[in-house]
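Report on the structure given below.
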There are 2 protein chains.
Amino acid sequence: MRPTVHDIAAEAGVSLATVDRVLNNRPGVRSVTRDKVERAIATLGYVRDVAAANLAKSRSYPLIFILPEGENAFMRGLEAEIEAARARSAVERTDITIVSVPAFDAAALANALDDARGHGPAGVAVVAVEAPEVVAAVARLREDGIAVVTLVSDLTGSQRDHFAGVDNLAAGRTAGSLMRRFLGSREGPVAIVAGSMRVRDHRDRLEGFTAAVNEGDAGRVLLPVVEGHDDPGEVEALVDDLLVAHANLAGIYSLGAGNRGLIAALEKAGRQSGICAIAHELTPYSRAALVSGTIDALLNQDAGHEVRSAIRVLKARADGLSMIEAQERIRIEIFLRDNLPVDPA
Amino acid sequence: MRPTVHDIAAEAGVSLATVDRVLNNRPGVRSVTRDKVERAIATLGYVRDVAAANLAKSRSYPLIFILPEGENAFMRGLEAEIEAARARSAVERTDITIVSVPAFDAAALANALDDARGHGPAGVAVVAVEAPEVVAAVARLREDGIAVVTLVSDLTGSQRDHFAGVDNLAAGRTAGSLMRRFLGSREGPVAIVAGSMRVRDHRDRLEGFTAAVNEGDAGRVLLPVVEGHDDPGEVEALVDDLLVAHANLAGIYSLGAGNRGLIAALEKAGRQSGICAIAHELTPYSRAALVSGTIDALLNQDAGHEVRSAIRVLKARADGLSMIEAQERIRIEIFLRDNLPVDPA
DNA sequence: GTATTTTTGATTTACGTACATCAAAAATTC
DNA sequence: GAATTTTTGATGTACGTAAATCAAAAATAC
């Protein structure tokens with residue numbers, strides 16, 4: 001049987017009230033006594049029964065999720081997963097609020113973080129934009145003892161407790177390696193379409209891709225990176241131009257969102273162009289393009305996993321508990337036509 | 001605020017005791033009254049607070065894991081994950097027992113299942129071997145109201161509640177597709193090394209691979225499947241023979257375990273042989289071979305995820321609760337040298 | 001209508017923890 | 001050594017559910 005507070009009291013030779021004072025760092029305990037109790041806790045290997053504690057406290061976890069607005073299919077999928085988590089609120093004792101901010105707008109994001117702080121939540125999950133004011137806003141949250149998790153895109157130099165997202169350097173490398181192997185000896189340059197170099201994940205992917213696609217001998221020519229700001233229309237125009245300017249284009253790596261535009265441009269050009277296309281994130285559009293052969297490979301991060309992970313970590317941090325590291329590792333999923341999960345629709 | 005049993009009692013106009021009788025199907029309630037209570041439950045959207053209920057019941061979940069013995073690195077890794085879960089028993093209210101049985105031995109497995117039944121656990125997780133006596137043993141467990149989850153390898157036609165493992169048909173297809181794309185126009189046949197056709201996962205992988213590697217035109221010659229029974233020594237001898245017999249061998253697909261033998265044979269032959277090797281399961285050996293370039297791609301199933309998933313599902317089933325489907329989907333992970341997770345060691 | 005059985009209500013204790021109150025004991029100050 | 005402050009103990013209530021007991025009420029049988 002698992003030891004309880006009563007066992008600690010007996011072991012330490014103090015009353016239940018004193019054990020309670022130590023466990024919940026309430027004042028009025030001499031350090032000698034505190035030591036006795038802490039020794040008893042260590043000896044018995046006591047761990048607080050979180051379920052019972054939460055019951056007694058009627059605890060709930062108010063959490064705030066901040067993510068970019070706009071028609072980015074991945075972000076809307078992420079939001080759907082947060083909604084799904086909200087539906088489980090009763091069971092999980094969470095109370096989730098979703099806040100939308102303009103994409104790639106550091107000032108707006110910093111404001112949203114400060115607003116969140118005003119509500120005194122137990123934790124905040126945020127899709128970060130890298131900027132000093134955002135780092136500062138996160139620091140303020142942490143000073144108030146609010147747990148912070150970055151979601152999808154990390155925030156360099158910040159005090160965030162955890163990053164719920166993939167290793168984007170490795171993701172870029174993986175894309176580069178696949179591009180290299182899929183192209184084999186085929187001639188022609190490779191184009192790269194990004195969203196914005198303002199977000200860490202895009203920068204990381206670019207770096208990884210560039211390194212891996214030319215690993216060994218290769219000598220593959222990479223065209224200058226173009227930015228489509230995750231906007232389908234913008235991306236489509238950019239890819240149209242690329243296809244015109246480079247008749248012998250061998251491959252395209254789309255490392256951001258707006259794949260609807262990429263797919264439209266490629267299909268206009270006719271897939272017989274034989275261009276090897278690698279993109280990110282499984283959405284209804286990109287899925288269809290993978291099945292039809294317009295896209296050759298998709299790298300994906302499981303939005304549902306990220307959201308559930310963020311919630312677990314925020315709850316654990318709010319209670320000062322540890323987490324199961326391996327469970328919170330977000331995988332870089334590689335989808336070919338052959339290993340697509342069953343369509344949920 | 002979430003409704004409680006008190007709210008139901010008030011809503012239905014009955015006493016707390018009656019609500020309790022209905023909720024825990026105790027006898028002695030007229031069907032008219034039972035209906036009243038059930039309507040109140042529906043109206044208020046009551047869901048039992050599992051944490052509070054478990055506290056009141058001092059409930060624990062005795063679980064039994066049955067897996068094959070032997071030096072199969074993947075299975076030993078799986079066992080380590082079960083041990084890790086056992087270390088969390090106090091927090092998760094589980095009480096986990098591990099049972100080992102000879103590999104590929106249906107009779108021994110059926111006996112182990114019957115033994116497990118004798119202990120009256122809340123649930124059983126089992127790495128299945130396909131055989132009628134195993135199916136029958138699982139049926140007996142289910143008759144006793146014991147939840148059953150198959151782990152890694154499924155059991156066709158059985159009454160198991162859930163399968164915690166990957167879609168091995170898709171895994172085989174994925175391997176085939178990668179082999180086809182990686183080989184490109186390179187000449188030469190492809191060899192296939194299996195463990196045993198007695199387990200469902202190996203049969204499925206073979207089927208998927210065969211279909212995908214020759215998709216489209218391809219016309220790749222596949223050598224007859226050889227069985228190494230997941231034994232490194234046996235596998236090494238088989239691969240040695242293959243390399244001698246087929247000087248122009250283009251690729252090898254190892255769909256079972258015993259990769260230590262495969263790697264040894266390939267390295268003896270010298271990797272300049274330029275054979276494209278694709279195998280399953282990330283272990284210390286296969287990881288090193290992937291890094292060194294002896295193996296080109298590894299398909300993996302996350303043993304930790306499978307174990308945690310099995311536990312979640314068994315607990316939920318034991319309580320008659322539903323699960324988060326997406327969370328229990330075990331992914332087919334594709335590892336290249338470029339997206340290897342950080343070495344835990 | 002009485003006797004019997006079945007159904008329902010009222011009440012209590014328990015699970016492990018949190019939190020509050022008040023009295024008693026110990027330590028500190030002067 | 002008395003007065004004051006700090007520390008500790010004893011006790012009770014609460015969280016939401018489970019489970020048990022016993023009495024009261026209602027339904028059924030004869």
Side-chain angles (χ1 to χ4, degrees), chain A residues 1-41 44-61 89-93 95 122 315 318-321, chain B residues 1-38 40-41 44-61 89-93 95 122 318-321:
Chain A
M1 267 283 109
R2 206 174 146 173
T4 73
V5 282
H6 294 85
D7 300 319
I8 302 179
E11 173 77 19
V14 301
S15 76
L16 217 56
T18 300
V19 174
D20 177 70
R21 289 181 184 111
V22 172
L23 277 176
N24 299 292
N25 359 269
R26 280 184 244 281
V29 185
R30 274 189 304 164
S31 58
V32 209
T33 317
R34 188 172 291 274
D35 282 357
K36 266 200 298 188
V37 174
E38 269 159 4
R39 240 173 303 122
I41 290 175
L44 297 179
Y46 169 84
V47 271
R48 169 195 258 116
D49 183 328
V50 184
N54 282 347
L55 179 60
K57 279 191 287 199
S58 304
R59 195 194 204 317
S60 79
Y61 299 85
S89 281
V91 179
E92 300 180 353
R93 301 187 108 88
D95 175 12
K315 286 174 72 174
D319 292 337
L321 300 176
Chain B
M1 268 285 110
R2 214 173 139 172
T4 73
V5 283
H6 294 86
D7 300 320
I8 302 179
E11 173 77 19
V14 300
S15 76
L16 216 58
T18 301
V19 174
D20 178 69
R21 288 180 185 112
V22 173
L23 277 175
N24 299 292
N25 356 271
R26 281 184 244 282
V29 185
R30 275 188 305 163
S31 57
V32 209
T33 317
R34 187 172 292 272
D35 282 357
K36 267 200 297 187
V37 174
E38 270 159 3
I41 290 175
L44 297 180
Y46 169 84
V47 271
R48 172 197 256 115
D49 183 327
V50 184
N54 281 348
L55 180 60
K57 280 190 287 199
S58 304
R59 192 189 203 321
S60 79
Y61 299 85
S89 282
V91 179
E92 300 180 353
R93 300 187 109 86
D95 175 12
D319 291 337
L321 300 176

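All chains are named by letter (A, B, ...) in the order of the sequence lines, taking the proteins before the strands, and each is independently numbered beginning at 1.
Smallest separation of non-hydrogen atoms from B:V19 and B:V14: CG2-CG2, 3.8 Å. Contact between A:A12 and A:A40 at its shortest, heavy atoms only, is CB-CB, 3.8 Å.
Put simply, CZ on B:R26 is 15 Å from P on C:dG9, counting in whole angstrom units. Protein atom CG of B:N54 is 15 Å distant from nucleotide atom P of C:dT17, rounded to whole Å. Atom CG of B:L44 is separated from atom C1' of D:dG16 by 15 Å (rounded to the nearest Å). D:dG16 atom P lies 16 Å from atom CZ of A:R59, rounded to whole Å.
One finds the CZ atom of A:R48 at 8.5 Å from the CD1 atom of A:I41 (value rounded to the nearest 0.5 Å). In this structure, CD1 in A:I8 is found 14.0 Å from NZ in A:K36, a value given to the nearest 0.5 Å. The CG atom of A:L16 lies 9.5 Å from the CG atom of A:L23; values are rounded to the nearest 0.5 Å.
Within the structure, no pair that satisfies the salt bridge (charged side-chain N to carboxylate O under 4.0 Å, His left out) test touches residues 8-18 of chain A, not counting sequence neighbours. Sorted by first and then second residue, the salt bridge (charged side-chain N to carboxylate O under 4.0 Å, His left out) pairs involving residues 12-31 of chain B (not counting sequence neighbours) are B:D20-B:R26.
Looking only at distances, a side-chain donor or acceptor of A:D7 sits under 3.5 Å from a matching main-chain atom of A:T4.
Non-hydrogen atoms lying under 4.0 Å from DNA chain D are contributed by A:S15, A:A17, A:T18, A:R21, all within residues 15-25 of chain A.
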Name the pairs: protein N/O against N/O of nucleotides 27-30 of chain D, kept only if under 3.5 Å.
none

Contact list (N/O, under 3.5 angstrom) for nucleotides 13-16 of chain C vs protein:
unit_1, atom_1, unit_2, atom_2, d
C:dC15, O2, B:A56, N, 3.1
C:dG16, N2, A:A52, O, 3.2

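Side chains of A:R2 and A:V47 form a contact here, defined as non-hydrogen atoms less than 4.5 Å apart.
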Can I get a per-line list of side-chain donor-acceptor pairs under 3.5 Å for residues 51-60 of chain A, giving both atom names and the distance, sequence neighbours left out?
unit_1, atom_1, unit_2, atom_2, d
A:N54, ND2, A:Y61, OH, 3.3
A:R59, NE, A:D319, OD1, 3.2
A:R59, NH2, A:D319, OD1, 3.4

